[in-house]
Amino acid sequence: GEGLKVPDDKAITVQWYRENAEKGDLDAQYKLGLLHLTGKGALQDFGEAAKWLRLSAEQGHPQAQFQLGLIYRVGHGVPTDQAQAYKWLNLAAAAGVNQAVLTRNEVMRSLTADQLAQAQKESREWHAKPAKAVKVDEPVATNAGGAAPAVSGEAKAALSVGAPAASSGSSTTSRKN
């Protein structure tokens, strides 16, 4: 099928993303997370951004994994956690997100040997588990940091292009090992 067309009106678009994100659509979760991270088209809210990006990243969305790694690195919407940053950046890099490699390597230098070993173990364990749709559950811890978010160029491009037509149901099983 052709999928659903995303509405043009910003408020309706945000609602459309939210409805589909709550159903477990990883692309809608990613886009909703980006909207809240950048504050373009939705209120800037790092806690909401972290929640939606985590849900999408847990389903294997490489750009969501990259963004989640960045926000753990700087503490937007989550407590700063370099080991978690490394884990998500490592997964994004393994999935082919080139800009995640340099950032992951920078984060790696800030970890102790034990922290690095644990983060790599968590990456391996995550990578080995089967994919499943992740729906809304509990809120993610928030951080009151007020600095500007670290948003990748690809993420900015994804938002500026506008909302693509939703795929017809295949997005919740896109994870590949």
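Here the structure is a predicted model, which is why all the values come from computation and not from measurement.
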Nearest 0.5 Å, what's the [atom1]-[atom2] distance between [X] and [Y]?
{"X": "Q118", "Y": "Q84", "atom1": "CD", "atom2": "CD", "value": "9.5 Å"}
{"X": "N105", "Y": "L89", "atom1": "CG", "atom2": "CG", "value": "9.5 Å"}
{"X": "Y17", "Y": "D27", "atom1": "OH", "atom2": "CG", "value": "9.0 Å"}
{"X": "K121", "Y": "L116", "atom1": "NZ", "atom2": "CG", "value": "14.0 Å"}
{"X": "L37", "Y": "E48", "atom1": "CG", "atom2": "CD", "value": "12.0 Å"}

Measure across [X] and [Y] and return the closest heavy-atom pair with its distance rounded to 0.1 Å.
{"X": "A28", "Y": "N20", "value": "CB-CB, 3.7 Å"}
{"X": "A42", "Y": "V14", "value": "CB-CG2, 4.1 Å"}
{"X": "A50", "Y": "L68", "value": "O-CD1, 4.2 Å"}
{"X": "A92", "Y": "P62", "value": "CB-O, 3.6 Å"}
{"X": "Q99", "Y": "T103", "value": "O-OG1, 3.3 Å"}
{"X": "S123", "Y": "L91", "value": "O-CD2, 3.6 Å"}

Is it true that the side chains of Q65 and E58 contain a donor and an acceptor less than 3.5 Å apart?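 Absent: no donor and acceptor within the cut-off.
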Between Q15 and E19, do the side chains contain an N or O donor and an N or O acceptor separated by less than 3.5 Å? yes
Qualifying salt bridge (Lys or Arg N to Asp or Glu O under 4.0 Å) pairs, either residue in residues 69-83, two or more places apart: R73-E106
Hey, could you give me each pair passing salt bridge (Lys or Arg N to Asp or Glu O under 4.0 Å) that has a residue in residues 86-105? Not counting sequence neighbours.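 Output for this query is empty, none listed.
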If you group Ile, Leu, Val, Met, Phe, Trp and Tyr by side-chain heavy-atom gaps below 4.5 Å, do V101 and F66 land in one group?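 V101 does not cluster with F66.
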Kindly work out whether a path of hydrophobic side-chain contacts (I/L/V/M/F/W/Y, heavy atoms less than 4.5 Å apart) joins M108 to V97.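 Hydrophobic grouping puts M108 with V97.
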Close side-chain approach of L32 to R18, heavy-atom, < 4.5 Å: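 When only atoms from C-beta onward are counted, R18 and L32 do touch, with a gap below 4.5 Å.
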Heavy atoms, side chains only, cut-off 4.5 Å: are Q29 and Q59 in contact? yes
Name all residues meeting the side chain to side chain contact (heavy atoms under 4.5 Å, CB included) criterion together with A64; count only those two or more places apart in sequence or in a different chain, and write none if there are none.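 Here the qualifying residues are Y30, L53, S56, A57, H61.
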Using 30° and 60° as the class boundaries, would you call the ring planes of W88 and W126 parallel, tilted or perpendicular?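 Perpendicular: the ring planes of W88 and W126 meet at over 60°.
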Candidate list Q120, H127, E122, test side-chain contact (heavy atoms from CB on, under 4.5 Å), partner R124, passing option: Q120
